[in-house]
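The structure under discussion appears below in the form of structure tokens.
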Amino acid sequence: MVDESTRKTLSNIALLKTKAGPRDKELWVQRLKEEYQSLIKYVQNNKDADNDWFRLESNKEGTKWFGKCWFIQDLLKYEFDVEFDIPVTYPTTAPEIALPELDGKTAKMYRGGKICLSDHFKPLWARNVPKFGIGHAMALGLGPWLAVEIPDLISKGVISYKEKTESGK
Amino acid sequence: MSTVEELEAIVAKLESKLSALTQKNVPRGKIQQMSSEVVDSNPYSRLMALKRMGIVNNYERIRDYTVAVVGVGGVGSVTAEMLTRCGIGRLILFDYDKVELANMNRLFFQPHQSGLSKVEAAAETLRNINPDVDILTFNYNITTVENFDNFTNVLNTSSITNGPVDLVLSCVDNFEARFAINTACNEFNLTWFESGVSENAVSGHIQFIVPGETACFACAPPLIVASNIDEKTLKRDGVCAASLPTTMGIVAGFLVQNTLKYLLQFGQVTHYLGYSALTDFFPTMGLKPNPNCEDSHCRLRQKEFVAKPKTEMAVEAKEEEKPIHEDNEWGISLVNESVEEKEQVNVSEGVQLAYTLPSQSSIAECEEATVSDDVSLDELMAQMKSI
Ligand SMILES: [Zn+2]
């Protein structure tokens, strides 16, 4: 199901062209460049729209990704580490995004802190191979998950606000 | 204060407990040759009776075979136990998970094994049940780049004769791992069974995949057994997945039954066997591969299969085989999909595609990430970091 808000989210993220996974050597480099370009633009757009919510970077090979995502409620910023591997079958199968520090704190997760995706995510992803990339997985997978689960976890007292000492936003 | 007599009684009790425990942990010695002699010390007499009854021609051959079980959870652990009790030659177990108390609604693992890796805990139990079975374990995630090559290498070289394994059993619980197994088996031409239990725990299936000959996992969207639950009453709030030891045990039973039939060549091996728990409905069907499958190795195996001279077609079960590829007669696209949810495509009675795919996606509104060659990956990575 693609509703109005999903469509709006999607229109914000550039589509990718190269169908290549991490086993494809040179084509994978091409794909990675597209991933980075699409992500850079998406993050920049988010910043400009005052809706900045994640940062990601990868290892040299582009197979392991890590970074931070955050959620703002009552002017408080709740920040979490994000990580995922690019599976050998990418982009046919989406990466499994994990928030390791929330592992075991919510039933809406699989082992290792992998987030539970909606029934709509997989069909949507499958229909858009190879055009969807990491930005889409974040926007359609992690974004809605945070929006539903974090307020719930805060209200249950499972997570609480921690003052961050590091500078920057 | 206890008297000496009381203490002596306690010591005696503890000593007998201790000797019972240590005795229990002595596994039997290996048995060199399977015997059909019916004595209470022969663990194989009832299996070898299958031969006497004419069900199986040569049961002992089970010792020549190597089966890889990928995923040692609710289905895989029971599958491994059944094969161990049947006296399979070699079992290769893959899983990266640990045993948890949350797994105790399923069969096989025990609470005291919590915290151990599933493959190690399983291997210990299985060796104890049947020391004749050679068990290899691999504790890693097969879907990642760092492990996939080792995974395919093990599948290709770890049979009893150092060749490819005779059969791969997929007992994983997620789409990504199934796809990784499918990729490996198409690439290296390995025969395998896919198995699964639905996230609502009330349906399951097994699927027999001979690359090029039957539909692979990438030939069509996943098949689902109709659960006859009104979607409106199905609540998913607050949980990812449910599980029942019953459904998992049934699916493991299907899987091993068909494994035995395939390896020991008796009966028929069904391409697809489903199970709907709520209605006790068991759909079966044959499945032809999709000539336009996305997996290039699947298409290659199909060409090889067509070119192969057919010799024993007469023995084949006469089933109505259906290609499950799509020609997009449903015309689904991302932009106009208000109707999509209604589009459940029946493949066979009681079996549907989980979703449909468009032959050509039509997102016109988004621009494409255009990569100019003068930007290097390093520059892009640095740019991303500096935002
Ligand atoms: Zn295929």
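Convention: sequence-line order gives letters A, B, ...; per-chain numbering from 1.
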Q: Give a yes or no on whether a salt bridge exists between A:E34 and A:K17, defined as a side-chain N under 4.0 angstrom from a carboxylate O.
A: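 Judged by the 4.0 Å cut-off on N to carboxylate O distance, A:E34 and A:K17 do not form a salt bridge.
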Q: Would you kindly say whether B:N105 and B:S243 are connected by a side-chain donor-acceptor distance under 3.5 Å?
A: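 Yes.
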Q.
What I want to check is whether the side chains of B:S376 and B:D378 have a donor and an acceptor closer together than 3.5 Å.
A.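 Their side chains do not contain a donor-acceptor pair, so the 3.5 Å distance test is not met.
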(Q) Between A:K60, A:K122, A:E61, who has the most heavy-atom pairs with chain B when the cutoff is under 4.5 Å? (A)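 Looking at each of A:K60, A:K122, A:E61 in turn, A:K122 comes out on top.
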Q: Heavy-atom pairs under 4.5 Å with chain B are the metric here; pick the option from A:V29, A:V148, A:L56, A:T18 that has the most.
A: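 Max contact count across the listed options: A:L56.
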Examine whether an atom of [X] lies under 4.5 Å from a heavy atom of chain A, and if so say whether it belongs to the side chain, the backbone or both; otherwise answer neither.
| X | value |
| --- | --- |
| B:T183 | side chain |
| B:N182 | neither |
| B:E146 | side chain |

For the residue pair [X] and [Y], establish whether any side-chain heavy-atom pair is separated by less than 4.5 Å.
| X | Y | result |
| --- | --- | --- |
| B:H297 | B:P211 | no |
| B:V99 | B:K118 | yes |
| A:M109 | A:L102 | yes |

What part of [X] gets closer than 4.5 Å to chain B, counting heavy atoms only: side chain, backbone, both or neither?
| X | result |
| --- | --- |
| A:V88 | both |
| A:E96 | side chain |
| A:K64 | side chain |

Q: Decide yes or no on side chain to side chain donor-acceptor pair (under 3.5 Å) for B:E120 and B:T137, but give the supporting numbers first.
A: CA-CA 7 Å; B:E120 265 316 306; B:T137 61; 3.2 Å; yes
Q. Using a cut-off of under 4.5 Å for heavy-atom pairs, which of B:T144, B:D173, B:D97, B:N141 has the most such pairs with chain A?
A.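 With the most close heavy-atom pairs to chain A, the winner is B:D97.
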